[in-house]
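Each chain gets a letter, A, B and so on, in the order the sequences are listed, and its residues count up from 1.
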2 protein chains.
Amino acid sequence: MVFKNTIAAVSPVRISAVPFRLGRAGLSVAVHPVGEGGQRLPAGVPAPAEWLDVAARRIVRERVGSHEQYLEQLYTFGDPATEDRTVTVSYLALFRDHERHDEDSAGLTWMAAREVVLPSEMDRRVLDYALMRLRAKLGYTNIAFHLLPPTFTLSDLQLAYEAVLGHPVDKRNFRRRMIASSILEQLDEKRRDGSHRPAALYRFASRDDREAYLTPPWAMERPEVVAESIAASHDSQ
Amino acid sequence: MVFKNTIAAVSPVRISAVPFRLGRAGLSVAVHPVGEGGQRLPAGVPAPAEWLDVAARRIVRERVGSHEQYLEQLYTFGDPATEDRTVTVSYLALFRDHERHDEDSAGLTWMAAREVVLPSEMDRRVLDYALMRLRAKLGYTNIAFHLLPPTFTLSDLQLAYEAVLGHPVDKRNFRRRMIASSILEQLDEKRRDGSHRPAALYRFASRDDREAYLTPPWAMERPEVVAESIAASHDSQ
DNA sequence: GCAAAAGTGTTATTAGTACACCCATGC
DNA sequence: GCATGGGTGTACTAATAACACTTTTGC
């Protein structure tokens, strides 16, 4: 007997995003103010014939008013508490602080992550998970770069790590690790911005992030790489 | 202006699972035969008022005919190729070989992973990703245990790793690492199963998997502190 | 006694951690 | 000349990787 993959029921599908950036106040999230001092995460609905990841990108850009530097699907929640069996697909989005943001493009504001108050249980779950993933990924990917401008100093980079992690890291060990990783490329210019020694400027040496792990290669759009990696995962016996 | 999180459209939501177990032929997948030598991954639809993870568990148990040892959500795909905008939520499921499986409970059969032929593009994506995640997780979690019976020898465990990874690992380093991790507990009994020295039997010392996210040591500080800091970053100031 | 799998240590290399002072600049 | 952040090295410890022989059993 062969089972039919029958599709019987339908559910509303919702996309919910956590847009992060690094501001003067540290790690910030873009939220919609709602009610008395509460906020809600930006969300939306995919259009017909639209991949979820494409829909997420569109929704994030519409709401935030600028282009994200990084987008990653997190987790999908089915909430039985909702009458209509809403399914929420959550995304993490990273922005550069220096990019122009139409602050009020959609009633959206950037708030320090620790000051956000989310009345929605689902929103809290999504934010918690996004933060956890972001922190974890600092350790084994170059994800932090997506929060920084194209050129930056090692101190900038370290501050980014500390802002996300929530605790200080050792300067010498940090710099050694970063330089050893050889994803940084030192520029000739230096940045002079105060009464102190100028800081060397860096940029990323390579475009291809190795966020390989949790993000499937085909979920990121790099056709050639995708094919190879999928092939390899079967061959390697 | 405050944006409404309007839920306008609905989509069929489908759950697709990759049930793995370790058999004599190495890593096997449970599939439905379909067409001429092709297969399809087991799939189903969530019921009303059912969490996705609960639905996935139910579907996997119905199809495979026994209880999975481990279940994890993988990725959610919106396939614009389907007329009705089907959304597929994919899951990884691990089974113990020795459990009784109603082989034909739903026309389902276990096949060596490398021999599976999936006509569906979506099915191939899901299987590829499941395998990638399973392999990656071997390295930093005790996920392999869910593929083994309650008691096992170190050789069993090593064979499990090798079957999933697809390459041999060093016996002495493997045993040292496993024992050092102190998640194993040696039993008094030994297993005699051939004309050779009997092997010591082990079981898992703890129930709680630490699939703790890939948290690098230097991002960690002390465990409690991290927990606090995650909490703190949400509690409104 | 021999086949078959279990079990066991050492060495070399690499990665991580802790820690404190001098350097270049603007004012 | 002093305040400010930029930049540097060393010693200790822990983790990883490579590598081959002895032990216990069934027959």
Atom-pair distance ([atom1] on [X]; [atom2] on [N]), nearest Å:
| X | N | atom1 | atom2 | result |
| --- | --- | --- | --- | --- |
| A:R177 | C:dT17 | CZ | P | 7 Å |
| B:K190 | C:dA5 | NZ | P | 17 Å |
| B:Y202 | C:dA6 | OH | C1' | 10 Å |
| B:L157 | C:dA6 | CG | P | 12 Å |

Once you build an axis from the first five pairs and another from the last five of the helix from C:dG1-D:dC27 to C:dC21-D:dG7, how far apart in angle are they, to 10 degrees?
20°
Correct closest heavy-atom pair for A:V117 and A:G37 would be CB-O, 4.0 Å
Pairs under 3.5 angstrom only: tabulate donor-acceptor contacts from the side chains of residues 196-204 of chain A to other protein residues two or more places apart or in another chain.
unit_1 : atom_1 : unit_2 : atom_2 : d
A:H196 : NE2    : A:D193 : OD1    : 3.3
A:R203 : NE     : A:E185 : OE2    : 3.3
A:R203 : NH2    : A:E185 : OE2    : 2.7

Classify B:A180 by what it touches in the nucleic acid, base, sugar-phosphate, or nothing, heavy-atom distance under 4.0 Å.
nothing
Scan A:T153 against the nucleic acid and name what it touches under 4.0 Å (heavy atoms): base, sugar-phosphate only, or nothing.
nothing
Sidechain-backbone polar pair: B:Q73 side chain, A:T76 backbone, donor-acceptor under 3.5 Å
yes
Got a sec, which residues hit side chain to side chain donor-acceptor pair (under 3.5 Å) with [X], two or more places apart in sequence or on another chain?
| X | value |
| --- | --- |
| B:R191 | B:D156 |
| A:D170 | A:N173 |
| A:E162 | A:Q158 |
| B:E121 | B:R124, B:R125 |

Segment of DNA chain D, first to last nucleotide, that comes within the 4.0 Å heavy-atom reach of chain A:
D:dA3 to D:dT10
side-chain contact (heavy atoms from CB on, under 4.5 Å) filter on A:A130, not counting sequence neighbours, yields A:V18, A:F20, A:L74, A:L92
Residue set satisfying side-chain contact (heavy atoms from CB on, under 4.5 Å) with A:S28, at least two apart, ordered chain then number -> A:R21, A:W110
Any chance you could list the contact pattern along nucleotides 19-27 of chain C? Use B for base contacts, S for sugar-phosphate-only contacts and - for none, protein heavy atoms under 4.0 Å, 5' to 3'.
BB--BBBB-
Angle between ring planes, B:Y161 versus B:F174, binned at 30° and 60°: parallel, tilted or perpendicular?
perpendicular
Sorted by chain and number, sequence neighbours left out, salt bridge (charged side-chain N to carboxylate O under 4.0 Å, His left out) with A:R175 holds for none
